[in-house]
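Lettering follows sequence order; numbering is per chain, from 1.
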2 protein chains.
Amino acid sequence: MSANTRFPVAIHILAFAAIYPGQCSSERIAESANTNPVVIRRLNGQLKKAGLLRIRNGAAGTELARPPEEITLKEVYSAVKTKESSHLFSTHQRPNPDCPVGGNILGAIREPLDAAQEAVELALDKYTIAGVVEIIRKGIKER
Amino acid sequence: MSANTRFPVAIHILAFAAIYPGQCSSERIAESANTNPVVIRRLNGQLKKAGLLRIRNGAAGTELARPPEEITLKEVYSAVKTKESSHLFSTHQRPNPDCPVGGNILGAIREPLDAAQEAVELALDKYTIAGVVEIIRKGIKER
DNA sequence: CAAAGTGTAACTATAATAGTTACAAAAGGG
DNA sequence: CCCTTTTGTAACTATTATAGTTACACTTTG
């Protein structure tokens, strides 16, 4: 697969940890997200480093490091983005610097691209893991 | 390459057409953007279909279809996005529907992801090709 | 110390993207 | 009316970010 699913899967992990505390082995989460345990562990590592998740070896001791109301989706997004995925749009690699347009295009589009990036993060900052969990719980009840 | 550079290159094309009317063969633009003429022609086709560019065969007759002040970067973005690139984040393909979390996660994250998407387009709508061209022209003068 | 689970390296597989070649069709100039 | 230039597009290859997988040493808990 080539699509970047890290962000949605990371939300999945945190929501799972919120709903099933003490039952969060990478294997169980992987089953829920329909992916591979190693994929979960890799994301776990990033979420741990970002201070969102607490993980204990040897036991399925994964749990949220902070209350879900305090964890915004912006933080999750930031936690799992790589250098490549960190910009919404790649600027084309090397426009010809000898051409007046090529030599100035990158500077000319930086502001709008940065603004778009900023807008995404601002939008995501308004949502929390608690909000996601709430909707999931509502869905569970309606069965 | 795997990165999506269509959006930046599309802006490049339109800016080039605004600055060098009557001299816009796909070959010249490709040289400026440091890519292949066919890549330019493919994007040209999408920009033409979106009503942003007018193209004549046989002569380098590419020109803006509308005044650059009226062409927003949102329109450009919309013109060149594919089904795959149309969503900022792919939702992970098939979370396990038998798990309460897996069965409800997609519904729970749709709203924030849509909001992020909307935020990007709103941000891009504030910028125009004319604005980009202005900055390029400023850069040219400063040599 | 045994069982369960994590961390991580190393590799393969997938898929979206750009790059390239080739050529028929269109337009315009002489 | 033909010749040149250029576009439109198909068909293919190359690249690369990503996920998936296997394997195993290490850690924690009971």
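- In this structure, the nucleotide among C:dG19, C:dG7, D:dG8 sitting nearest to the side chain of A:Ile55 is C:dG7.
- The phosphate of D:dG8 has OP1 or OP2 within less than 4.0 Å of a side-chain N or O from B:Lys48.
- Remark: C1' of C:dA18 and CZ of A:Arg94 are 17 Å apart, rounded to the nearest angstrom.
- Relative to the six-membered ring of A:Phe16, A:Arg28 misses at least one condition, a distance below 6.0 Å or an angle of at most 45° to the axis.
- Sorted by first then second residue, the salt bridge (charged side-chain N to carboxylate O under 4.0 Å, His left out) pairs that include residues 34-53 of chain A, not counting sequence neighbours, number zero.
- Rounded to the nearest 0.5 Å, atoms CD1 (A:Ile40) and OG1 (A:Thr35) are 5.5 Å apart.
- Between the axis at the start and the axis at the end of the helix from C:dC1-D:dG30 to C:dG30-D:dC1 there is an angle of 30°, using five pairs per end and rounding to 10 degrees.
- Regarding B:Gln46, its CD atom lies at a distance of 12 Å from the P atom of D:dG8, rounded to whole Å.
- Checking D:dA19, D:dG8, C:dG5 against the side-chain heavy atoms of A:Ser25 singles out C:dG5 as nearest.
- Atom CG in A:Asn4 sits roughly 14 Å away from atom C1' in D:dT16 (whole-Å rounding).
- Look at NE2 on B:His87: it is 14 Å from P on C:dA16, rounded to the nearest Å.
- The CD1-C1' distance, from B:Ile13 to D:dT7, rounds to 13 Å in whole Å.
- For A:Phe7, the ring pair (Phe, Tyr, Trp, His ring centres under 6.0 Å) partners at least two apart in sequence or on another chain are A:Tyr77, B:Phe89.
- As a whole-Å value, the separation of B:Lys81 NZ from C:dT17 P is 13 Å.
- Looking at residues two or more places apart in sequence or on another chain, you find a side-chain contact (heavy atoms from CB on, under 4.5 Å) between B:Ala119 and A:Ala119, A:Ala123.
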Identify each atom pair where a protein N or O and an N or O of nucleotides 27-29 of chain D are less than 3.5 Å apart, giving names and distance.
residue	atom	partner	partner atom	Å
D:dT27	O4'	A:Asn57	ND2	3.3

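- Applying the salt bridge (charged side-chain N to carboxylate O under 4.0 Å, His left out) test to every pair with at least one member in residues 103-123 of chain B, sequence neighbours left out, gives these pairs: B:Lys81-B:Glu121.
- Distance from the side chain of B:Glu84 is smallest for C:dA16 among the nucleotides D:dT18, D:dG8, C:dA16.
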Please list every donor-acceptor pair under 3.5 Å in which a side-chain atom of residues 129-140 of chain A meets a protein atom from a residue at least two apart or in another chain.
none

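- For A:Val38, taking side-chain heavy atoms from C-beta onward, the closest of the listed nucleotides D:dT22, D:dG8, C:dA18 is D:dT22.
- Atom-to-atom, CD1 of A:Ile40 to P of D:dT21 comes out at 12 Å; the value is rounded to the nearest Å.
- B:Leu43 has its CG atom 13 Å from the P atom of D:dT9, to the nearest Å.
- A close approach under 4.0 Å does occur between a side-chain nitrogen or oxygen of A:Ser26 and OP1 or OP2 of C:dT6.
- When distances run from any side-chain atom of B:Arg42 to the nucleotides C:dT6, D:dT7, C:dT20, the shortest one goes to C:dT20.
- Neither OP1 nor OP2 of C:dA18 sits under 4.0 Å from any side-chain N or O of B:Asn36.
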I'd like a table of donor-acceptor pairs (distance under 3.5 Å, sequence neighbours excluded) in which one partner is a side-chain atom from residues 95-104 of chain B, with atom names and distances.
residue	atom	partner	partner atom	Å
B:Asn96	OD1	B:Asp98	N	2.8
B:Asn96	ND2	A:Glu31	O	3.4
B:Asn104	ND2	B:Pro100	O	2.8

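- Side-chain nitrogen and oxygen atoms of B:Thr82 include at least one within less than 4.0 Å of the OP1 or OP2 phosphate oxygen of C:dT17.
- In this structure A:Glu63 satisfies the salt bridge (charged side-chain N to carboxylate O under 4.0 Å, His left out) test together with A:Arg54, sequence neighbours excluded.
- A donor-acceptor pair under 3.5 Å is absent between the side-chain atoms of B:Glu69 and the main chain of B:Thr128, judged by distance alone.
- Take the nearest nucleotide of DNA chain D for A:Arg41 and for A:Phe7: the residue whose nucleotide is more 5' is A:Phe7.
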